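Below is one structure; the comments refer to it alone.
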Amino acid sequence: MKISRSTLAGVPERYATALFALALEENRLDEIARELDTIMKWLEDSGDLRRLVHDRAFSAAEQSRGLEAILEKAGLSSYVMNFVKLLCRNRRLFYFADMVGAYKALLAERRGDAVAEVTAAQELSQTQISRLKKVLKDHVGLSVSVKTHVNPTILGGLIVKLGSMMVDSSLDTKLKNLAIAMKEVG
């Protein structure tokens, strides 16, 4: 088993790497990715579940019992169940979304793909996403999947993160840079 990402050094990345290694060993990479996506969808849809995961007022045992009941009822694998229990026990559950992102980055790398995090002021259309994927693929030479985020405060343009590269063409940043330049002149 070879996991080549030497840049994976933070807590979420270490946990994701361990889960990825297990999934690779058991030949369950895609199954575990689907289950992690399922949990992420639940977190997006349920404020109560988000509170259980992120509120440090809940003890590790309370988080574990609550999540175990949900995951068992959903019929998720023992691998994901044990992973979530470990996160609860080690008080790392609030990193879950970052761990899922790191797991998916490892999976994309294994497939020869890249994952781009794109922030826009409003939801991108499928046509815009397709054009962006093509531009990114031409730039990096890999198939690129795009994960989009909406942040109206950037006003317009895009912020694209792909690996260690980041391009910030947001209107907000351009206006801030213009203001700085005007202060230097005046």
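The shown structure was predicted, so the numbers you read here are calculated from the model rather than taken from an experiment.
In this structure a side-chain-to-backbone donor-acceptor pair under 3.5 Å is missing from Arg28 to Ala23. A distance-only check finds a donor-acceptor pair linking the side chain of Glu35 to the backbone of Ser77 [under 3.5 Å]. A side-chain donor-acceptor contact under 3.5 Å links Arg56 to the backbone of Arg91. Remark: side-chain polar atoms of Thr38 are paired, donor with acceptor, to backbone N or O of Arg34 under 3.5 angstrom. One N or O on the side chain of Glu62 and one on the backbone of Ser59 form a donor-acceptor pair closer than 3.5 Å. Ser46 places no side-chain N or O within donor-acceptor distance of the main-chain N or O of Trp42, the cut-off being under 3.5 Å.
In this structure, Val135 stands alone, with no Ile, Leu, Val, Met, Phe, Trp or Tyr side-chain heavy atom under 4.5 Å from its own, directly or through other members.
By the criterion of side-chain heavy atoms lying less than 4.5 angstrom apart, applied directly or through intervening Ile, Leu, Val, Met, Phe, Trp or Tyr residues, Phe94 is grouped together with Ile70 in one hydrophobic cluster. Under a hydrophobic clustering in which Ile, Leu, Val, Met, Phe, Trp and Tyr are joined whenever their side-chain heavy atoms come within less than 4.5 Å, directly or via other members, Val11 and Met40 fall into the same cluster. Residues Leu124 and Val115 are members of separate hydrophobic clusters, defined by side-chain heavy-atom contacts under 4.5 angstrom among Ile, Leu, Val, Met, Phe, Trp and Tyr. Put simply, Leu171 and Val118 are part of two different groups of oily side chains (I, L, V, M, F, W, Y) that touch within less than 4.5 Å, one to the next.
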Next on the checklist: Does Ser169 form a side-chain contact (heavy atoms from CB on, under 4.5 Å) with Ile159? I'd like the steps, not just the answer.
Outcome noted: CA-CA 6 Å; Ser169 67; Ile159 300 171; over 6 Å; no

Checklist entry - Does the side-chain contact (heavy atoms from CB on, under 4.5 Å) test come out yes or no for Leu19 and Met99, once each step is laid out? => result CA-CA 9 Å; Leu19 180 61; Met99 291 174 190; over 6 Å; no

Checklist entry - Does the pair Gln63 and Val53 meet the rule for a side-chain contact (heavy atoms from CB on, under 4.5 Å), with working shown? => result CA-CA 7 Å; Gln63 286 178 322; Val53 167; 5.5 Å; no

Checklist entry - Going through the distances and angles, do Phe96 and Val84 end up as a side-chain contact (heavy atoms from CB on, under 4.5 Å)? => result CA-CA 8 Å; Phe96 186 78; Val84 171; 4.3 Å; yes

Name every donor-acceptor pair, under 3.5 Å, that has one atom in a side chain of residues 145-153 and the other anywhere in the protein, sequence neighbours excluded.
| unit_1 | atom_1 | unit_2 | atom_2 | d |
| --- | --- | --- | --- | --- |
| His149 | NE2 | Glu117 | OE1 | 2.5 |
| Asn151 | OD1 | Thr153 | N | 3.0 |
| Asn151 | OD1 | Thr153 | OG1 | 2.5 |
| Asn151 | ND2 | Thr153 | OG1 | 3.3 |

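In this model, no donor atom of one side chain and acceptor atom of the other lie less than 3.5 Å apart for Asp172 and Ser170. In the model, Tyr15 has a side-chain atom that pairs as donor or acceptor with a side-chain atom of Asn90 under 3.5 Å.
Taking a cutoff of 4.0 Å between a charged side-chain nitrogen and a carboxylate oxygen, Asp55 and Arg50 do not qualify as a salt bridge.
Applying the ring-ring contact (aromatic ring centres under 6.0 Å, His included) test to Tyr103 and every residue at least two apart in sequence or in another chain returns Phe20.
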